[in-house]
Number of protein chains: 2
Amino acid sequence: MNDTKLIDIAAALGISVTTVSKALKGYSDISKTTRSKVLEMAEEMNYRPNSNAVNLRTNETKTIGVIIPATVHHFFSSVLNGILEEAEKRGYLVIILQSSEKYELEKKQIALLLQKRVDGILISLSNETDDFTHINAAIKKNTPVVLFDKIAKMVDCSKVIINDKKAAYDAVTYLIKKGYKKIAHFRGSLVPQNSIDRFLGYKKALEDHNIPYDSSLIYMCDHNTDFEDGYGNAKLMVEQHNDVDAIFAITDLVAIGIIKYLNEAQIKIPEQIAVFGFSNWFMSTVISPKLTTIDQPGYDIGQRAASILIDEITQTKEHLPVTHQIIELPTTIIERESTIR
Amino acid sequence: MNDTKLIDIAAALGISVTTVSKALKGYSDISKTTRSKVLEMAEEMNYRPNSNAVNLRTNETKTIGVIIPATVHHFFSSVLNGILEEAEKRGYLVIILQSSEKYELEKKQIALLLQKRVDGILISLSNETDDFTHINAAIKKNTPVVLFDKIAKMVDCSKVIINDKKAAYDAVTYLIKKGYKKIAHFRGSLVPQNSIDRFLGYKKALEDHNIPYDSSLIYMCDHNTDFEDGYGNAKLMVEQHNDVDAIFAITDLVAIGIIKYLNEAQIKIPEQIAVFGFSNWFMSTVISPKLTTIDQPGYDIGQRAASILIDEITQTKEHLPVTHQIIELPTTIIERESTIR
DNA sequence: TTGTAAGCGTTATCAT
DNA sequence: ATGATAACGCTTACAA
């Protein structure tokens, strides 16, 4: 049961630990014969290097840390999937932490990851986060950080994002082109960049098409229970405005809440009110009416972010210069029933 | 930039490393004054113990490994959520690995986790897995293992499950009581225990209510794309049997595929065919008709599994006897539109 | 109450 | 081509 270590192999073969270590790692200054003897014996004794010892010695853990606001969320599980596959491929393990949208937790978790000596950190910021010293602390410790999805422009590191402003602009422009005249926006809270950007895209699209911006058509969905936010605000909106003919929602989940309310209130979608979502969750294909939305490539975001992070880890280790990249992944409009009239 | 270590604190205070170490860990044989001096200096120098060194020395990593078949899956993300919260609470980190339902990968990943010296392993077996030597290897190395959801009865370790057979029995009994006479079952593949158990529950319910079992009413959904399995088999079933009045599906996703086909084929749910799912995904509340299903407590499963694992880790470390537990979490029927007539 | 020194299992430097 | 030895940063008998 006791794990085999180098010294056991050395003893079994009557040679030194050094030789065993070198042979195992394929150093050129070991004779072919001893090398194969060592390999064979290692196999026979089922030798597995002790990662803790290796880590201590080499000061790297082949592990990356990931902090996301929530796991039970289709978008983040897609991202996670991309991260896990890329990490697997490149021989890294992944430690997952959930910030639950709490800044304090996020901060604590960064500290934890640094203490664990992860080789790099992938993070999508919590909605609360508006101070970035914890992120900068990691960067200063030479631990590469890549931000994805919910990023902060001010932090100097690589980022993988979509162009939220453009995507929102495209969505609203699409609605306008379809002939919708009075378009409400169900936005997210004020802090996260993507919430801001989607709002700005909405506004710009109106502007560019000479539709006056009306702040009473903006509904705030910031209770972190997007579905109910959508439902409740849809109800409110119907009471306040009887002439809105389309809604651009910050998230599919909000959109689904809206649809649920409108269905219950017997308001026809899209005849009376069209609904446009954001993210293209699987769910949006199964509700009725099927939801028009923006496809947000979660898997790709995760995969690219992990890939860039691991590149930077390698570069940092080899003392090569690293240049940060801002990768903007394309989004597309997925047209479905909820806007087709 | 350079991390503070014990020796730095010792040097700054003109005392020994041992004293610093002991002071930091609150040993009783250190004077109050030196203790507070050390604490203060550690704080000031922003000391963080090097986990690799601690791990090597203490031979524990305060990390648990989790292997799940897939992350992009509402049930597993709920489980993950439960695991992450419990681990966080008890001071453990979590390494996540995805087996993608592949036995070979699962085997490799267990080896990886053992090499990383995780303190314990949580695993839901892949559908392919029918050999358990890799699991037993971990157990033999004194690394506690807890199986959840997709378990193997033969493996001697703690398990957290639901009673799939009973849940399925309840579901089908419910349908029978509602007056449905010809009930089809869309089952999962042959290997995983939960697929077998749900099938057995279905069969037993028919038997107990004197409804003859008809194997032509069993449709196999084993392509790992449950949604399309449901869709395709629903189509097939409608062609083969014009008198089926209810379907019990192994999973909500399969059920949603079924609903999608029936809706397209203008077959009324539940008037012509009722549909019963399994898992209670969020999605099942937003499709139409809303899906009757079995609530499977994913969060609780994860939380309990992690809790038991950490208990066993602690017991093992203290050389206390550990007794394995089989925890069976209750499921409930969530009645919605798809079966109410 | 404090300190010395050994040891955890590797890797890497420098001799031989 | 091989090996002795130090070092990674920490914990812990044991000694003082």
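Order of the sequence lines fixes the chain letters, A, B, ..., with proteins taken first and strands second; residue numbering starts at 1 for each chain.
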Applying side-chain contact (heavy atoms from CB on, under 4.5 Å) between B/Tyr47 and each of B/Val38, B/Asp8, B/Leu24, B/Leu39, report the one that passes.
B/Leu24
Name the residue closer to the 5' end of DNA chain C, choosing between B/Thr33 and B/Ala53 according to the nucleotide with the nearest heavy atom.
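The 5'-side residue here is B/Thr33.
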Between B/Arg35 and A/Ser21, which residue's closest nucleotide on DNA chain C lies nearer the 5′ terminus?
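Nearest nucleotide further toward 5': that of B/Arg35.
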Without swapping roles, check the side chain of [X] against the backbone of [Y] for a donor-acceptor pair under 3.5 Å.
{"X": "B/Glu85", "Y": "B/Gln303", "value": "no"}
{"X": "B/Thr4", "Y": "B/Met45", "value": "yes"}
{"X": "A/Asp119", "Y": "A/Ile64", "value": "no"}

Roughly how many Å is it from [atom1] in [X] to [atom2] in [N], rounded to a whole number?
{"X": "A/Met45", "N": "C/dG9", "atom1": "CE", "atom2": "P", "result": "13 Å"}
{"X": "A/Ile15", "N": "D/dA4", "atom1": "CD1", "atom2": "P", "result": "11 Å"}
{"X": "A/Lys317", "N": "C/dT11", "atom1": "NZ", "atom2": "P", "result": "14 Å"}
{"X": "A/Asp8", "N": "C/dT10", "atom1": "CG", "atom2": "P", "result": "9 Å"}
{"X": "A/Lys37", "N": "D/dA1", "atom1": "NZ", "atom2": "P", "result": "14 Å"}
{"X": "B/Glu60", "N": "D/dC10", "atom1": "CD", "atom2": "P", "result": "16 Å"}
{"X": "A/Asn52", "N": "D/dG9", "atom1": "CG", "atom2": "C1'", "result": "12 Å"}
{"X": "A/Leu13", "N": "D/dT2", "atom1": "CG", "atom2": "P", "result": "11 Å"}

Under 4.0 Å, heavy atoms only, any strand: does A/Ile7 hit a base, just the sugar-phosphate, or nothing?
nothing
Heavy atoms only, 4.0 Å cut-off, all strands: where does A/Asn50 land among base, sugar-phosphate and nothing?
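The answer is sugar-phosphate, as A/Asn50 gets under 4.0 Å only of primed atoms, P, OP1 or OP2.
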Does [X] put a side-chain nitrogen or oxygen below 4.0 Å from OP1 or OP2 of [N]?
{"X": "B/Tyr27", "N": "D/dT12", "result": "yes"}
{"X": "A/Ser16", "N": "D/dG3", "result": "yes"}
{"X": "A/Ser31", "N": "D/dT2", "result": "yes"}
{"X": "A/Tyr47", "N": "C/dG9", "result": "no"}
{"X": "A/Thr58", "N": "C/dT11", "result": "no"}

I'd like to know if the side chain of B/Thr63 pairs up with that of A/Lys116 as donor and acceptor (distance under 3.5 Å, no hydrogens or angles considered).
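A pair is found: one side chain offers a donor N or O, the other an acceptor, under 3.5 Å apart.
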Nucleotide nearest [X] when distance is taken to its side chain, options [options]:
{"X": "A/Arg57", "options": "D/dG3, C/dA12, D/dT11", "result": "C/dA12"}
{"X": "A/Asp29", "options": "D/dT2, C/dT1, D/dC10", "result": "D/dT2"}
{"X": "B/Leu6", "options": "D/dT2, D/dT11, D/dC14", "result": "D/dT11"}
{"X": "B/Leu56", "options": "D/dC10, D/dT12, C/dC8", "result": "C/dC8"}

Crowding at CZ, A/Arg117 (>12 non-hydrogen neighbours, <6.0 Å)
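More than 12 heavy atoms, drawn from other residues, nucleotides or ligands, come within 6.0 Å of this atom.
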Could you grab the distance from atom NZ of A/Lys62 to atom CD of B/Gln115, nearest 0.5 Å is fine?
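Separation between the atoms: 12.0 Å.
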Side chain to side chain donor-acceptor pair (under 3.5 Å) between B/Glu88 and A/Gln109, worked out
CA-CA 10 Å; B/Glu88 165 99 38; A/Gln109 291 172 336; 3.0 Å; yes
Bend angle of the helix from C/dT1-D/dA16 to C/dT16-D/dA1, end axes from five pairs each (to 10°):
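Roughly 40° between the end axes, to the nearest 10°.
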Distance criterion of 3.5 Å, no angle test: do you see the side chain of B/Thr18 paired donor-to-acceptor with the base of C/dA5?
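Answer yes: a donor N or O sits under 3.5 Å from an acceptor.
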